[in-house]
Amino acid sequence: MIHTNYHSHLIYCNHAIGHAEDYIEVALKHNFTELGISDHAPLLPCFMSSSEFERFGRNYNTMTLDTALTKYLPEVEAAKKKYAGKIKILSAFEIEYFSTSDFFARYLRKRVDYLNLGIHMFEYKDQIYNSYFQVDYETIYFYMKAAIDGMRTGLFNTLVHPDLFMYAYKDVHMERTFDEHCAYVSRKIIETAIECDVYLELNANGINNSRFSLEWLYPCREFWEIAKEYPELKIIIGADAHDPKSLVCDYIRQAEEFAKELGLKIQETMEVKH
Ligand SMILES: [Zn+2]
Ligand SMILES: [Zn+2]
């Protein structure tokens, strides 16, 4: 099993459990060398309409800015000091990309060791779409646009779960298939990651999120088969842990096996480049 993780969530995002120290204790017990704590960043009302903000933003699955500054960041900084010399702790946020959010990503970047880019929602025709349930052969290009525009800001070290668009993708026949649109989008995301020197993450939590399906919704085999054609692509495995126990679990082992089976080269340690 790998001994690093750069994608971990704390209690502050309202849909995870555990404090920084709970994660660090698990990491130490399993001889981790590095742990990145990367909870969901706040969303600001200026990113979307007020009704969308009520639906997507307000205390739904992110912390408030006040919580980020007065609770989350001080907790991670204190843990860094307390465990110095035992394990390398990195502070981070997982952030969405919107056309109006660059200033905020820059503001947060100055306060942490790195940023993860996670496209759980995206802009399309002046509305916010949900990456889990509203991706089809048309909207997929706007998921792609958010991912690409985000990577091109130079603010993000990793695009996490790049293949999340396959969670409930619907083709032109309203069926779940990996069609030519998916293949095009996959290639564009992979090529942009290489061009911008951004890591792509093979997300172990996707296997957990697929547990009621016949096949993995994500990680998506076809996406990673395309990724395999690009040996220069940098790939890490992320726990996307929403519970300290998920730092070491069967889903990580399955992700590692999947990578091995496909012949994907996994970077165990992530360098901070941006
Ligand atoms: Zn989450
Ligand atoms: Zn996450």
Side-chain angles (χ1 to χ4, degrees), residues 2 4-20 22-23 26-27 34-43 47 55-65 67-68 71-73 75-76 89-98 101 105 108-109 112-122 128 130-133 143 146-147 150-151 155-168 189 193 198-211 216-220 235-249 251-252 255 270:
I2 49 170
T4 56
N5 179 52
Y6 302 94
H7 192 167
S8 337
H9 296 281
L10 303 188
I11 194 165
Y12 300 111
C13 65
N14 302 314
H15 64 279
I17 57 169
H19 285 276
D22 302 321
Y23 279 84
V26 172
E34 298 193 5
L35 178 70
I37 298 178
S38 61
D39 208 0
H40 297 279
L43 291 170
F47 300 156
R55 208 147 36 96
F56 289 109
R58 190 180 298 282
N59 294 336
Y60 169 58
N61 58 5
T62 61
M63 61 184 88
T64 62
L65 183 55
T67 300
K71 294 194 176 124
Y72 173 67
L73 289 176
E75 179 173 320
V76 180
I89 303 297
L90 296 106
S91 61
F93 281 111
E94 178 175 359
I95 305 197
E96 307 290 333
Y97 177 85
F98 304 104
S101 66
L108 293 179
R109 176 63 191 87
V112 289
D113 294 317
Y114 66 92
L115 295 178
N116 283 339
L117 174 62
I119 310 294
H120 305 88
M121 53 190 92
F122 57 92
I128 303 294
N130 179 310
S131 306
Y132 291 94
F133 298 111
Y143 173 95
M151 285 191 271
L155 294 166
F156 297 99
N157 219 55
T158 301
L159 173 63
V160 297
H161 43 63
D163 46 349
L164 184 65
F165 62 83
M166 280 308 290
Y167 185 80
I189 288 175
V198 168
Y199 289 84
L200 292 188
E201 178 208 53
L202 182 63
N203 187 285
N205 191 41
I207 307 170
N208 174 31
N209 287 342
S210 307
R211 66 194 181 280
W216 292 1
L217 306 175
Y218 74 103
C220 167
I235 306 168
I236 52 174
I237 290 178
D240 194 357
H242 286 73
D243 174 336
K245 286 201 290 283
S246 309
L247 286 181
V248 181
C249 67
Y251 299 122
I252 309 267
M270 184 193 82

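Atoms within each ligand, like the ligands themselves, are counted from 1 in listed order. When a residue number appears, it is its place in the shown sequence, counting from 1.
- Residues His242 and Tyr23 share a closest heavy-atom pair of C-OH, 3.2 Å.
- Without hydrogens or angle criteria, Asn5 side chain to Ala239 main chain gives a donor-acceptor distance under 3.5 Å.
- A donor-acceptor pair under 3.5 Å is absent between the side-chain atoms of Asp113 and the main chain of Ala92, judged by distance alone.
- In summary, the side chains of Asn205 and Tyr251 do not present any donor paired with an acceptor at a separation below 3.5 Å, with no hydrogens or angles considered.
- Side-chain contact annotation: His15 with His40, donor-acceptor N/O pair under 3.5 Å present.
- Taking distances strictly below 2.8 Å, the protein N/O/S atoms close to the Zn ion (ligand 2) are His7 NE2, His9 NE2, Glu94 OE1, Asp240 OD1.
- Checked by atom type and distance alone, the side chain of Ser210 never pairs as donor or acceptor with a backbone atom of Trp216 at under 3.5 Å.
- In summary, no N, O or S atom of Cys13 is located under 2.8 Å from the Zn ion (ligand 1).
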